[in-house]
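Presented below is the structure to which this report refers.
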Amino acid sequence: MDTASLLRKNLESVQEKIRTAAERAGRSPDEIRLIAVTKYVDVPLVRQLVELGQRSLGESRPQQLWQRHALLADLPVQWHLVGPLQRNKVRKTLPCAEWIHSVDSLPLLADINRIAGELGLRPKLLLEVNISRHPSKHGFPPEMMEEVVSQLENFPNVAICGLMAMAGVEGDLEGARRDFRALRQLRDELAPLAPPQVSLRELSMGMSGDFEIAIEEGATMVRIGSALFQGILEEES
């Protein structure tokens with residue numbers, strides 16, 4: 001099977017799994033947005049993916065996001081930064097990323113808010129929570145989130161749209177389910193406390209190995225990389 005056909009097959013398989021998981025949970029598949037994480041693939045393959053109709057793309061590293069934003073500027077792409085953002089990279093990242101999933105500290109949030117105001121931008125942000133409390137994971141401690149939400153009215157130049165988290169241990173699906181459920185429950189507790197201009201509707205959780213469980217537990221965004229490119233990267237390596 002040629003690369004284009006295999007990519008189409010993988011994309012359709014992921015889309016079908018999203019639909020099935022949503023229906024199992026009594027949800028509409030339209031509630032879930034697929035973010036294709038393209039960090040491991042070359043630009044021509046990303047172009048093929050966009051040609052198949054996948055418009056939401058995610059990158060983990062700001063530098064690669066900057067490069068691909070420039071190289072694919074002719075395409076109707078919505079870029080998501082899904083990996084860590086250092087404060088010294090905010091100014092160059094904001095013109096490239098419509099969504100930032102990884103806001104993990106109040107100083108970072110303050111810098112994004114200030115620079116967005118200077119640039120005349122209003123990026124969409126998700127607050128990253130270390131819901132598993134795993135030492136290798138980024139994010140606010142869950143117990144800090146009520147205090148964080150109480151301060152969100154101080155950041156008028158950004159649209160804070162929800163929460164993001166990663167499951168604690170890769171491959172532990174029951175642990176992943178607990179983490180995703182905990183994030184949803186935390187969001188539900190925080191939403192009534194948020195200022196009027198802040199919506200915590202979005203839940204970015206779930207990757208290639210656990211996105212179906214994430215959808216069953218309330219994900220509105222899933223970040224999928226390897227499942228879209230299986231069989232392709234292996235052939236190229």
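Excluded from the calculations below are hydrogen atoms, water molecules and symmetry mates; all remaining heavy atoms, backbone and side chain alike, are included.
- A 4.5 Å side-chain heavy-atom check between Gln67 and Glu59 finds every atom pair outside the cut-off.
- Among all heavy-atom pairs drawn from Leu49 and Ala36, the shortest one is CD2-CB, 3.6 Å.
- Heavy atoms from other residues, nucleotides or ligands lying under 6.0 Å from CD of Glu146 number 12 at most.
- Using a 4.5 Å cut-off on side-chain heavy atoms (C-beta onward), Val46 and Leu72 make contact.
- Side-chain contact between Trp79 and Leu81: absent, with no pair of heavy atoms (C-beta onward) separated by less than 4.5 Å.
- Distance CD/Glu174 to CG/Asp179: 11.0 Å, rounded to 0.5 Å.
- Contact record, Gln54 with Leu34: NE2-O, 2.8 Å, taken as the closest heavy-atom pair.
- Under the 4.5 Å side-chain criterion, counting only non-hydrogen atoms from C-beta, Leu126 is not in contact with Ile100.
- Residues Lys92 and Gln63 fail the side-chain proximity criterion, which asks for heavy atoms closer than 4.5 Å.
- Here the shortest heavy-atom pairing between Ala214 and Gly206 reads CB-CA, 3.6 Å.
- Arg19 CZ to Ile32 CD1: the interatomic distance, rounded to the nearest 0.5 Å, is 11.0 Å.
- The closest donor-acceptor contact from the side chain of Gln64 to the backbone of Lys39 lies under 3.5 Å.
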Verdict with supporting geometry, Glu16 and Thr20, side-chain hydrogen bond (donor to acceptor under 3.5 Å, both in side chains): CA-CA 6 Å; Glu16 178 59 29; Thr20 302; 3.2 Å; yes
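- Between Glu118 and Arg114, at least one side-chain nitrogen of the basic residue sits less than 4.0 Å from a carboxylate oxygen of the acidic one, meeting the salt-bridge criterion.
- Ser5 and Asp2 share a side-chain donor-acceptor pair at under 3.5 Å.
- Although no hydrogens or angles enter the test, the distance criterion places a donor-acceptor pair under 3.5 Å between the side chain of Asn10 and the main chain of Leu228.
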Residue pair Arg33, Ile35: steps toward the side chain to side chain contact (heavy atoms under 4.5 Å, CB included) verdict: CA-CA 6 Å; Arg33 187 180 324 195; Ile35 313 300; 3.8 Å; yes
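- Under the 4.5 Å side-chain heavy-atom criterion for ILVMFWY residues, no single connected hydrophobic cluster contains both Val37 and Leu52.
- Distance alone, capped at 3.5 Å, places no donor-acceptor pair between the Asp111 side chain and the Leu108 backbone.
- With rounding to the nearest 0.5 angstrom, the CG atom of Leu183 is 8.0 Å from the CZ atom of Arg187.
- Side chains of Gln48 and Thr3: no donor on one and acceptor on the other come within 3.5 Å.
- Hydrophobic clustering of Ile, Leu, Val, Met, Phe, Trp and Tyr side chains at less than 4.5 Å, counting indirect connections, keeps Trp99 apart from Leu75.
- Comment: Arg177 engages Glu216 in a salt bridge, judged by a side-chain N to carboxylate O separation of less than 4.0 angstrom.
- With 3.5 Å as the limit, one finds no donor-acceptor pair spanning the side chains of Glu128 and Ser102.
- To the nearest 0.5 angstrom, Trp66 atom CH2 is 14.5 Å from Leu71 atom CG.
- With salt bridges taken as basic N to acidic carboxylate O contacts below 4.0 Å, one links Arg181 and Glu217.
- The closest side-chain donor-acceptor pair between Gln78 and His80 falls under 3.5 angstrom.
- In this structure, CZ on Arg178 lies 11.0 Å from OG on Ser132, to the nearest 0.5 angstrom.
- Ion pairing between Asp74 and Arg47 holds under the 4.0 Å rule for side-chain N and carboxylate O.
- Separation of atoms CG (Leu85) and NE2 (His138) is listed at 11.0 Å; rounding is to 0.5 Å.
- Nearest heavy-atom pair, Arg91 versus Pro95, reported as atom, atom and distance to 0.1 Å: O-CD, 3.2 Å.
- Considering all non-hydrogen atoms of both residues, Met205 and Gly218 come closest at CE-C, 3.9 Å.
- Connection of Ile131 to Phe180 is established within a shared hydrophobic cluster, with ILVMFWY side chains joined at heavy-atom distances below 4.5 Å, either directly or through further cluster members.
- Donor-acceptor pairing under 3.5 Å is lacking for the side chains of Arg201 and Thr220.
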Cut-off 3.5 Å, no hydrogens considered: what does the side-chain donor-acceptor table look like for residues 149-167, sequence neighbours left out?
unit_1: Ser150; atom_1: OG; unit_2: Glu147; atom_2: O; d: 2.6
unit_1: Asn154; atom_1: ND2; unit_2: Gln151; atom_2: O; d: 3.2
unit_1: Asn157; atom_1: ND2; unit_2: Asn113; atom_2: O; d: 3.0

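- Between Phe211 and Arg223, every side-chain heavy-atom pair lies at or beyond the 4.5 Å cut-off.
- For the pair Pro29/Gln15, no side-chain contact is recorded, criterion being any heavy-atom separation below 4.5 Å from C-beta on.
- Cluster annotation: Val198 and Leu109 are assigned to the same hydrophobic cluster (Ile/Leu/Val/Met/Phe/Trp/Tyr, side-chain heavy-atom contacts under 4.5 Å, transitive).
- Contact between Thr38 and Phe229 at its shortest, heavy atoms only, is CG2-CZ, 4.3 Å.
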